[in-house]
Amino acid sequence: MNKKKWKPIIPPCRSTTLTIKSVSSPKNSKDNHNKKLLVPLYPMERTAVLERFDVDRVRKDFPILTRTVNGKPLVYLDNGATTQKPRQVIDAIVDYYTQLNSNVHRGVHHLSQLATDAFEVTRRKLQPFINAAHEHEIILTKGTTESINLVASCYGKAFVNAGDELIISAMEHHSNIVPWQILCEERGATLHVVPISDAGELDMEAYQSLLNERTKLVAITYVSNALGTINPAKEIITLAHAVGAPVLLDAAQAIQHLSIDVQALDVDFLAFSGHKMYGPTGVGVLYGKEKWLNAMPPYQSGGEMIKEVTFAKTTYNELPFKFEAGTPNIEAGICLAHAIDYITELGLDNIARHEHDLLTYATGQLLEIPGIRIVGTAKEKSSVISFLLDGAHPYDVGVILDKLGVAVRTGHHCTQPLMDRFAIPGTVRASLAMYNTREEMDVLVAAVKRASAMLL
Ligand code: PMP
């Protein structure tokens, strides 16, 4: 099927946001479930940004936040691992299976066309969300890991050869380390690592000295999942471009906290996951500049990514379908649009302000606890607090916090080389999201005090 001829049956979404005084609460689609057929699957109207961030209103949208754990109210602070989902996303998943389930990009029948339209709405919403120049620069993947692997595999095949060099940093997630190691092994290239300071900030001088005409790619996290450091993305990109090297930003921990404009950054590739931005699991995004995507061979092969197949020769589909072989996660793809709407309506600047207030408040309180050490004290920081209680294993602290209803992550956070850099086995990580409150920060601090009293 020629994708260019395919015409969506719904209007294009607005590419700009406007500020208005107030917007009524997003409708709880349970109220009209099965009455307004398909309406919840086409969330075209919710792109106005609220002026005031109301955390109590936000919390009402997340049903799981009312549950208890170990007899205590849940305080969910493992948002770096995955975020909770608002009712708007949950309802859309139910609506998809009860009203629309069908394969996409294939059938002429009604449901298939509707599912295809709804799936493509997500791509259409992602374009303005990150300000991509073209919709076809948005590849829907399984998640950040697959997005990075796609670039390592396809860009690697096309552009990386023996003697070439790639650059990553000391604070990368394993999924932004291992694909490059494998690529370097396969192609005889060298992987360089930008060191970081004790505060957890990139050594930009060292970075500059690693860049040269052999540098074929720089792959760096925008926000560190273990430290919270926000890296100077624009500067990283400008310096890399000066030697002709493209840059991949791992935005898994940035997309839900910062407003990202891929054209202003001039970034070449951007990878992120739906499940960390209040959307479903099993869908993610690779943004790539058209010029790179066109120059790269396909990733996986099979249905959907082809234009024409004969036993003699196969030609490939155009972007973005060239990189989307097989049946995608349709439900997740469609319902990600609701998460984008949700974030857009609240406004990323409002969200960032709220989270920064929580970060400052909780950090101040935690630092008063004797024996606590915060790992990751960069000046530019997102809402992650990694810490250790001197003399206590992070795992033990995590178990006590859990008994008190506080969900944190303990361990190496898929950043073992980073833990080695700090000579620690791991940390306790509280990662905050838009629905967390100051009261919850008080519960966290009290729980850490209790753990400290029990363990030290
Ligand atoms: N990069 C970073 C910085 C992450 O935090 C994560 C998830 N913890 C990933 C990549 C991988 O994301 P996913 O598991 O959704 O593919």
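No hydrogens, no waters, no symmetry mates; every other heavy atom, side chains included, goes into these values. Note that ligands are numbered from 1 as they come in the structure, with each ligand's atoms numbered from 1 the same way.
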request  = Answer yes or no: does an N/O atom from Thr221 fall short of 3.5 Å to an N/O atom of ligand 1?
outcome  = no

ask   = Is the closest basic N to carboxylate O distance between Glu439 and Arg59 below 4.0 Å?
value = no

ask   = So between Ser273, Ala252, Ala271, Gly284, whose heavy atom ends up nearest atom 15 (O) of ligand 1?
value = Ser273

message = Just to confirm my output: which protein heavy-atom neighbour is closest to atom 5 (O) of ligand 1, and how far is it?
response = Gln253 NE2, 2.6 Å

inquiry  = Which of the numbered atoms in ligand 1 are under 4.0 angstrom from any heavy atom belonging to Asn225?
reply    = 5 (O)

key: Proximal atoms of ligand 1 relative to Lys276 (non-hydrogen, under 4.0 Å)   = 6 (C), 7 (C), 8 (N), 12 (O), 15 (O)

Enumerated ligand 1 atoms positioned under 4.0 Å from heavy atoms of Thr145 = 11 (C), 12 (O), 13 (P), 14 (O), 16 (O)

query = Is it true that the side chains of Ser169 and Glu172 contain a donor and an acceptor less than 3.5 Å apart?
reply = yes

inquiry  = Do Tyr342 and Asp61 pair up side chain to side chain, a donor and an acceptor below 3.5 Å, judged on atom types alone?
reply    = yes

Glu304 versus His105, side-chain donor and acceptor atoms under 3.5 Å = yes

query = Are the charged groups of Lys72 and Asp402 less than 4.0 angstrom apart, N to O?
reply = no

ask   = Heavy-atom contacts under 4.0 Å between His275 and ligand 1: side chain, backbone, both, or neither?
value = side chain

remark   = among protein heavy atoms, the one nearest atom 10 (C) of ligand 1 is Ser175 OG, 3.1 Å

key: ligand 1 contact on Asp250 by region, counting heavy-atom pairs under 4.0 Å   = side chain

message = Taking the basic N atoms (NZ, or NE/NH1/NH2) and the acidic carboxylate oxygens, is any pair closer than 4.0 Å for Arg429 and Asp78?
response = yes

ask   = If we ignore angles and hydrogens, is there a donor and acceptor under 3.5 Å between the side chains of His173 and Ser175?
value = yes

ask   = At what distance is the nearest protein heavy atom to atom 12 (O) of ligand 1, and which residue and atom is it?
value = Thr144 CB, 3.6 Å

Heavy atom of the protein closest to atom 4 (C) of ligand 1 (residue, atom name, distance) = His173 CD2, 3.4 Å

task = Could you verify whether a donor N or O on one side chain and an acceptor N or O on the other, from Asp268 and His241, lie under 3.5 Å apart?
result = yes

